[in-house]
Amino acid sequence: MHPYRTHTCNELRLEHAEQNVRISGWVYHKRDHGGILFIDLRDHYGRTQVIVNPETPFFEKCSEVRLESVLTVTGKVVAREPNMINPDIVTGEIEIVAENIIFESESQITPIYLAGESEDVGPEELRLKYRYLDLRRESLHRNIMLRSRVIAFLRKKMESLGFNEFQTPILTSSSPEGARDYLVPSRLHPGKFYALPQAPQIFKQLLMVAGFDKYFQIAPCFRDEDARADRSPGEFYQLDIEMSFATQEDVFAVVEEVLHDTFKEFSTDKVSDTPFIRIPYREAMLKYGTDKPDLRIPIEMCDVSDVFLNSGFGAFAKAVANGAVVRAIPVKNIKGRPRSFFDRLESYAKEIGAKGLGYLVWDTDRIRGPIAKFMSEEELAELAGRGGMEDGDVMFFMCDAPDAAARIASEIRLKLGRDLDIIEKGTFRFCWIVDFPMFERDEETGDIIFSHNPFSMPQGGMEALLEKDPLDILAYQYDVVCNGVELSSGAIRNHRTDIMVKAFEIAGYDENDVYDQFPALSNAFKYGAPPHGGIAPGVDRMVMLIAGADNIREVITFPMNQRAQDLMMSAPASVSEKQLRELHIKMRAKNVTPENAKQDDVAE
RNA sequence: GGGAGCGUAGCACAAUUGGUUAGUGCACCGGACUGUCGAUCCGGAGGUCGCGAGUUCGAGUCUCGUCGCUCCCGCCA
């Protein structure tokens, strides 16, 4: 007999009755009746009830052993009496009568409570410090397994579509664009640093130049950014994709198939049919106030600035004349809501930076509300037409600078979705956001700058760069969004150095800057570069959506906390003076030495 | 860098307008119990109410500061 197990804790059924078996696992639960002791033994696969009788030599020890200790149990499988069957677990029709028990590894009292999949999961700080315990919990264990299966599925899918997986360097050079880099000092080259890649962007484009045609990688990406609920600090993974001789539609077709099939495979929820709908960036900003709209909420906003410009509502009219906009949020059938509902919404709006929140109520044969008296019949009729207003509907109004109005209106739309409970359930609504602007104006300096990444091909190519107002030029740049979560950004790349130089020129750089900042790419493009494009859906976010988790840490094995610390491994940590000397590094911050940095390390 | 929320036993939470000895459940320790499956019953131990200052006859509760965590803004080509 195998020293540890003949079966897993999820394998034994009625048909195994009377067999002698051996299982190993953790003590999940104990129920001690004095004369009889039940132990639920748990492993990766499931759990099985073990019976310990008082006449056995190990009975005493079993009644004392702590939860989460590891045991090997040998005994006979016995069918349970009908009234003793536990229908909640698949091994519930049998139990094992223990004939021998080996105590492989005993547990101390665990700092977090694991038994009984309760909602009380304990404080995040302890969960992160004792991650290996937290990972034993069924829900987290299930999420991590889901992630493993999703990644395996993605690989299989990509390979079936003719893509090849390549590794790219982890130690590379800092790129001038984008987020803050994580830097790694060089020992051999004093004063020089490697950077961890924010994404394998340049490498994957170079693989296209090298002729590999279709690339993918489950790629680690490192960015020194602050955390969010859907953004773990430090590192994350992307399904990085690049393809040669491809149009935007070719990229969409691949991504739609991969995302649709993956979500279908691992979720019972509805998934948008392909092709996913495409929403131009400017339309998204107008209708949803954001470039990552949650399409499960049946509210579409519209612009009504012109209606208010000459209206009797002085506050808005004056603001619009000075460049503000008015965004309307029409909501179906909520006229019956109490005054407090509207008051709460307004105070929420003010909390997030709104100056106020006007509204009109279409109430049987009249239109009422705080601003109704300022508006003419014609203006009210125009508003009704724009929002498709019917009896019972309410239209909210936000007046502010375009950016602020969009941001606040977007937040209010989300809050309305939640508070009114009108977010469609059990569905993944995908969309593409397309036609991002190539350039935008820097709010502070007034300069023209790249909106997204400078590698994107402008729509209309060189001609557009030469002839159009830079702010009107769109890029072959796209995002894929699901339920309000930005899953991915991508672009058809600019593979022509002449167009790249011109684009950089518009953004205030000269030709040399292109070669200085992106030497590998701009050199490579001199030797025959295929037209190419790609995208990189975030794996963590994908799994988070499929798992229905509300926090990205729930789908990462060993995540860091919000301040980018690994409480389990005590990272980041101070290093010795010797290590620093080898790397030619001297502490610069006042009063920071290796010694007192060490005192500040995450505690044991 | 900024804003909001939270911080009471190992864990989850409670404590009337500021008012006596800060409670309950789980976990832990002791005891009882031969059919439980979040076992049950009896008993016990466990607290610098994050930390510091202030207001007050009196602070877990109010004020200020500070630290920590989470969420958000900035940031994320």
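As the structure is a computational prediction, the values presented were derived from the model and not from experiment.
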Just checking A:R47: base, sugar-phosphate only, or nothing, at a heavy-atom cut-off of under 4.0 Å?
nothing
Could you check which of B:G35, B:C37, B:G1 has an atom nearest any side-chain atom of A:D226?
B:G1
Between B:G35 and A:E95, counting only base atoms on the nucleotide and side-chain atoms on the residue, is there a donor-acceptor pair under 3.5 Å?
yes
Report yes if at least one side-chain N or O of A:Q562 is closer than 4.0 Å to OP1 or OP2 of B:C71; otherwise report no.
yes
Below 4.0 angstrom, N of the basic side chain to O of the carboxylate: do A:E64 and A:K61 qualify?
no
Picking from B:C72, B:A77, B:G35, the nucleotide nearest the side-chain atoms of A:H33 would be B:G35
Quick check: any donor-acceptor pair below 3.5 Å linking the side-chain of A:R223 to the base of B:C75?
no
Classify the nucleic acid contact of A:L126 as base, sugar-phosphate or nothing, counting any heavy atom under 4.0 Å across all strands shown.
sugar-phosphate
Interatomic distance at C1', B:G47 relative to B:C28, whole Å
15 Å
Does A:R80 contact B:U36 through a side-chain donor or acceptor facing the base, at a distance under 3.5 Å?
yes
Choosing from B:G74, B:A39, B:G35, which nucleotide comes nearest the side chain of A:Q49?
B:G35
With the side chain of A:N551 defined as its heavy atoms from C-beta on, choose the nearest nucleotide among B:C71, B:C76, B:U36.
B:C71
Residue A:N86, side-chain heavy atoms: nucleotide from B:C71, B:C37, B:G74 that is nearest
B:C37
Among B:C69, B:C71, B:C37, which nucleotide has an atom closest to any side-chain atom of A:M84?
B:C37
Between A:E411 and A:K415 (salt bridge meaning N to carboxylate O under 4.0 Å), is one present in this structure?
no
Regarding the side chain of A:R228, the nearest nucleotide among B:U34, B:C33, B:G74 is B:G74
One thing to verify: whether A:K204 and A:D240 come together as a salt bridge, which I'm taking to mean a side-chain N less than 4.0 angstrom from a carboxylate O.
yes
Salt bridge check: are A:R31 and A:D40 linked by an N-O gap of less than 4.0 Å?
yes
Could you check A:F455 against A:D230 and say which one's nearest nucleotide on RNA chain B is further toward the 5' end?
A:D230
Which nucleotide, B:U36, B:C29, B:C72, lies nearest any side-chain atom of A:R66?
B:C29
